[in-house]
Amino acid sequence: MPTASILGESDGDVRMAGRLLREGHLVALPTETVYGLAGNALIEDTVRRIFSVKGRPLIDPLIVHVHEWKQVEELCPDIPPLARQLADAFWPGPLTLILPKAPSVSDLLTAGNPTVAVRMPAHPLARRILQAADIPVAAPSANPFGYISPTCAAHVMDSLGERIEWIVDGGPCQKGIESTIVDVSGPGALRLLRPGPLSPEILSASLDGTPIDSRPPGETDKPVAPGLLTRHYSPHTPLLLVSHGELPPRAPEGRCAWLAISRAHAEASPSGYERYWFSETGALEDIAQSLFAMLRSLDAQGYARIYIERPPADGLGLALIDRLTRAAAR
Ligand code: TXA
Ligand code: MG
């Protein structure tokens, strides 16, 4: 198959992307979190193709992207009040809500779950395309299953360019990590399924302090959420998390990289490694933005091992440590 064609931001390209989506084609598109591999959520064959292009197991459900509230009501006729409150506070934005699904929502899409994941992205180009398509759009991150999520069009081209026909280039993603996922479908406490750009503290504050259970899925009595696999976002190069000031257990063997959170930390890192840093100052937002691009670029350089400094655990750090821990899992 020839490599994918690139679409841009012009009105003509947006109309075309919208039409392609409506007709059942796959289109990779930018969002503020990561690039998504988008397709019409109402066409069963299209949804099936999303799974097959990614190599994603059918037990791992997809997120549906919408541009207006009316579409949410069609996917979920009985919206829990707390879900409405979260949507009012954070949509459009990097938040995915797990809602009880309407019977019409495909079981293939939800992997047989009685719930559906819904998100209204904020990226202006994504919004224009969703509006032009005017259908619910299923979109997982546009990476082969288990590999690092793409945060620019070139990442998508590198790993899926020969398997899809269309990629919309909207520049680098602003947030850089996938949306925060909250399960608001049950009668009990709200539950954080995936940490992301919006921290549990920020979400909880918007609900007048209603708590959000953010224990890792394995530590609760509920079954582990589908798709939240320990090994995920993984580079091919072995990766080790280290703390600032910590000496690795043994001297580097072969060429190794040391990736610090800031320039100052990189300069203070042990000798014998090729030094890199995520961000000049180590600001968590900047680390998130560059995280996946750094992992991809270091992964392509043939290092024997990559040592990565563990970011601080507060706020956005929770999501960063989650992604890094999964990336390091073997
Ligand atoms: O930021 C994002 O969320 C990006 C952009 C493209 O919107 N999308 C994304 O999709 O990260 P994906 O498919 O890579 O991750 C979706 C996660 C999976 O871990 C899946 O298991 C979970 O959402 N999920 C989807 N539907 C679910 C459901 N009904 N119940 C529990 N988890 C669900
Ligand atoms: Mg993904």
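In listed order, ligands and their atoms are each counted from 1.
Below 4.0 Å from some heavy atom of Ser179 lie the following atoms of ligand 1, by number and element: 1 (O), 2 (C), 3 (O). Within the listing of ligand 1, atoms 1 (O), 2 (C), 11 (O) sit less than 4.0 angstrom from a heavy atom of Glu178. Short contacts between ligand 1 and Thr115, defined as distances under 4.0 Å to a heavy atom of the residue, involve ligand atoms 28 (C), 29 (N), 30 (N).
Ring geometry for Tyr273 versus Tyr307: interplanar angle over 60°, hence perpendicular rather than tilted (30 to 60°). In this structure, Tyr303 and Tyr276 have perpendicular ring planes: the angle between them is above 60°, well past the 30° mark.
With hydrogens and angles ignored, the 3.5 Å screen pairs a side-chain donor or acceptor of Arg194 with a backbone N or O of Ser179.
Listed by first and then second residue, the ring pair (Phe, Tyr, Trp, His ring centres under 6.0 Å) pairs involving residues 40-92 amount to none (not counting sequence neighbours).
At a 4.0 Å cut-off, at least one heavy atom of His65 sits close enough to ligand 1 to count as contact. Taking 4.0 Å as the cut-off, Thr110 does not count as a neighbour of ligand 1 on heavy-atom distance.
Val137 shares a hydrophobic cluster with Leu7, Val14, Met16, Leu20, Leu21, Val27, Leu29, Leu42, Leu125, Ile129, Leu130, Ile135, Trp166, Val168; the chain of contacts runs through ILVMFWY side chains whose heavy atoms sit under 4.5 Å apart.
Annotation: protein N, O or S atoms under 2.8 Å of the Mg ion (ligand 2) (waters excluded) comprise Ser141 OG.
Taking only non-hydrogen atoms, the option from Pro61, Pro197, Cys173, Ala111 nearest to atom 26 (N) of ligand 1 is Pro61.
The salt bridge (charged side-chain N to carboxylate O under 4.0 Å, His left out) search around Lys101 returns Asp107, not counting sequence neighbours.
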